[in-house]
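Accompanying notes for the structure given below.
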Amino acid sequence: MNLDDLALENLKLSVDDGIATVTLNREAKRNALDANTIEEFITLFSILPRSGVKAVVLTAAGAHFSAGLDLVEHYKQQRTAADFMHVCMRWHEAFNKIEYSGIPVIAALKGAVVGGGLELASAAHIRVADQGTYFALPEGQRGLFTGGGATIRVADLIGKARMIDMMLTGRIYKSEEALQVGLCQYLIDGDSEAKAMELARAAADNPPLSNFAICSAISHMQNMSALDASYAEAVVAGIVNTQPAAQDRLEAFANKTAALVKPKND
Ligand code: 1HE
C-alpha cells in the first residue's frame, strides 16, 4: 500500500516538498482519540517512514490539539479490563511507531494537550507550543489512569514527581512554566504550525540516515543497559558517520565552504 491508497477519516494527510502534514481531524470532538483514530495512526506510520517523506508536522484541526481518550466511546463501550488492555496495546503500537519511526515528527501544539493528547504529543521528537497551549493529565479526576505511554514518555520529559502531581491534582502547565519543565521545546508568540514547519524543513536537510539514527536509535538506547547502549551507539555511529553524505559534508568543512556552528548574530 502507498500513501495515495490510504482512506483516512480522522486524520488528514498532505505532503508538500517532502514534508508531510498529519492533521488530527475530529475538531467537533476536540480531536479526542477514539479507537479508529489510533488505528489510522498505526496504518499511516506503517507507511510514512518508507514513503520518501523527510519529516512530519503533526497538527490538529480547530483550537485544541487533542482532548485525549475519547471518553464517550470508552463510557459507551463498557469495556472489560482485558478489552482496555488491548486498547492500550494499540495506543502503544501507534505511538511507538511515531517515536521509533526514523523520521522527524514535530508536533505543533495549541489549546488543550491533555491526557492521551499529551501522550501523543510526547511521542513526537519535538514539541512546539503557542501561548494558548496548556498541558494536563486529568486522569485522576476522571477516575482513570494513563494508558498511552505517559508513564514512560511524560515521566521522561518532566520527571515522575511532576507527572504524579499533574495526575493527582489536575495541575495545568502552560506558557513559560511548560517550557521550563520540558513539556515543550519551543514556546512561540505566533502560529505553532508555522514554526513546526520551519523546524521540519531544517531537519529534512539532514541526510536521511542521520535522521533515522536520531529518531530511533536514541529512543532504543534509552531502553538498554549503559553497556549495551554504548555498544549500540558505536555500531550506529560506525554506519552513520561513514556514509557518503557525511563525507561530502566533511569535505566541505575541510575546504572551509561549510557553514560554521555559531549563533546567528555573531
Ligand atoms: C470529547 C472529549 C473527549 C471533548 N472524549 N468527547 N480528557 C479530558 O478529560 C478532556 C475532556 N474535554 C474537555 O475538557 C473539553 O472538551 C476541552 C477543554 C478539551 C474543550 O472544551 P470546549 O468547551 O471547547 O468543548 P466541549 O464543548 O467540551 O466539547 C465539544 C465536543 O467534544 C463535545 O461533544 P458534543 O457531541 O456534545 O458536541 C464533547 O463531548 C466532545 N469532547 N473532549 C470524547 N475527551 C489511554 S488513557 C488516556 C486517558 C485520558 O486521555 S484522560 C483525559 C481525557
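All values below were derived from every heavy atom in this structure, side-chain atoms included, with hydrogens, water molecules and symmetry-related copies excluded. Just follow the structure's listing: the first ligand is 1, and inside any ligand the first atom is 1.
The local environment of CE in Met224 is crowded, with over 12 non-hydrogen atoms from other residues, nucleotides or ligands closer than 6.0 Å. The environment of CD in Gln185 is crowded: more than 12 heavy-atom neighbours from other residues, nucleotides or ligands sit within 6.0 Å.
Remark: distances from the non-hydrogen atoms of Ala28 to ligand 1 include one below 4.0 Å. Ligand 1 lies nowhere less than 4.0 angstrom from a heavy atom belonging to Phe95.
The distance criterion of under 3.5 Å between nitrogen or oxygen atoms is not met by Gly115 with respect to ligand 1.
In terms of protein heavy-atom proximity, atom 47 (S) of ligand 1 is closest to Gly147 N, 3.4 Å.
Counting only heavy atoms, the protein gets under 4.0 Å from atom 31 (C) of ligand 1. Proximity of atom 39 (C) of ligand 1 to the protein is not indicated, since no non-hydrogen protein atom lies closer than 4.0 angstrom. Within the 4.0 Å cut-off (strictly below), no protein heavy atom is located near atom 17 (C) of ligand 1. Protein heavy atoms come within 4.0 Å of atom 8 (C) of ligand 1. Distances from atom 34 (O) of ligand 1 to the protein include at least one heavy-atom value under 4.0 Å. In this structure, atom 5 (N) of ligand 1 is in close contact with the protein, since a protein heavy atom lies within 4.0 Å of it.
In summary, the side chains of Gln77 and Asp83 do not present any donor paired with an acceptor at a separation below 3.5 Å, with no hydrogens or angles considered. Judged purely by distance below 3.5 Å, without hydrogens or angles, the side chains of Ser210 and Asn206 never pair a donor atom with an acceptor atom. Side chain to side chain, Asn25 and Asn10 fail the donor-acceptor criterion of an N or O pair below 3.5 Å. Remark: the Glu139 side chain and the Thr146 side chain contain no N/O donor-acceptor pair separated by less than 3.5 Å.
Set against the non-hydrogen atoms of Tyr134, the atoms of ligand 1 under 4.0 Å away are 18 (C). Close approach to Phe145 involves these atoms of ligand 1, each under 4.0 Å from a residue heavy atom: 47 (S). Remark: ligand 1 atoms within the under-4.0 Å shell around heavy atoms of Glu139 are 48 (C), 49 (C), 50 (C), 51 (O), 52 (S). Of all atoms in ligand 1, numbered sequentially from 1 with element shown, those under 4.0 Å from a heavy atom of Gly68 are 51 (O). Which parts of ligand 1 touch Gly116 is read off a 4.0 Å heavy-atom cut-off, strictly below it: atoms 48 (C), 50 (C), 51 (O). Listed by number with element, the atoms of ligand 1 under 4.0 Å from a non-hydrogen atom of Gly148 are 46 (C). Taking every heavy atom of Leu71 and a limit of under 4.0 angstrom, the matching atoms of ligand 1 come to 3 (C), 5 (N), 7 (N), 8 (C), 9 (O), 44 (C), 45 (N), 54 (C).
In terms of modelled atom types and a separation under 3.5 Å, the side chain of Lys110 and the main chain of Gly62 share a donor-acceptor contact. No donor-acceptor distance shorter than 3.5 angstrom exists from the side chain of Ser175 to the backbone of Glu177, with no hydrogens or angles considered. In this structure, the side chain of Asn255 does not engage the main chain of Thr257 through any donor-acceptor pair within 3.5 Å. A side-chain donor-acceptor contact under 3.5 Å links Ser66 to the backbone of Asn31. Formation of a donor-acceptor pair under 3.5 Å by the Arg127 side chain with backbone atoms of Ala107 is not found in this model. No donor-acceptor distance shorter than 3.5 angstrom exists from the side chain of Asp156 to the backbone of Ile152, with no hydrogens or angles considered.
Nearest residue to atom 19 (C) of ligand 1 from Ala67, Pro138, Ala32 is Ala67 (criterion: closest heavy atom). Here atom 36 (O) of ligand 1 lies nearest to Lys29 when heavy atoms of Glu27, Glu119, Arg26, Lys29 are compared. Counting heavy atoms only, Leu69 comes closest to atom 45 (N) of ligand 1 of the residues Leu69, Val72, Val87, Asp70. Counting only non-hydrogen atoms, the option in Arg142, His64, Arg30, Gln141 that gets closest to atom 14 (O) of ligand 1 is Arg142.
Under the 4.0 Å criterion applied to side-chain N and carboxylate O atoms, Arg153 and Glu99 are assigned as salt-bridge partners.
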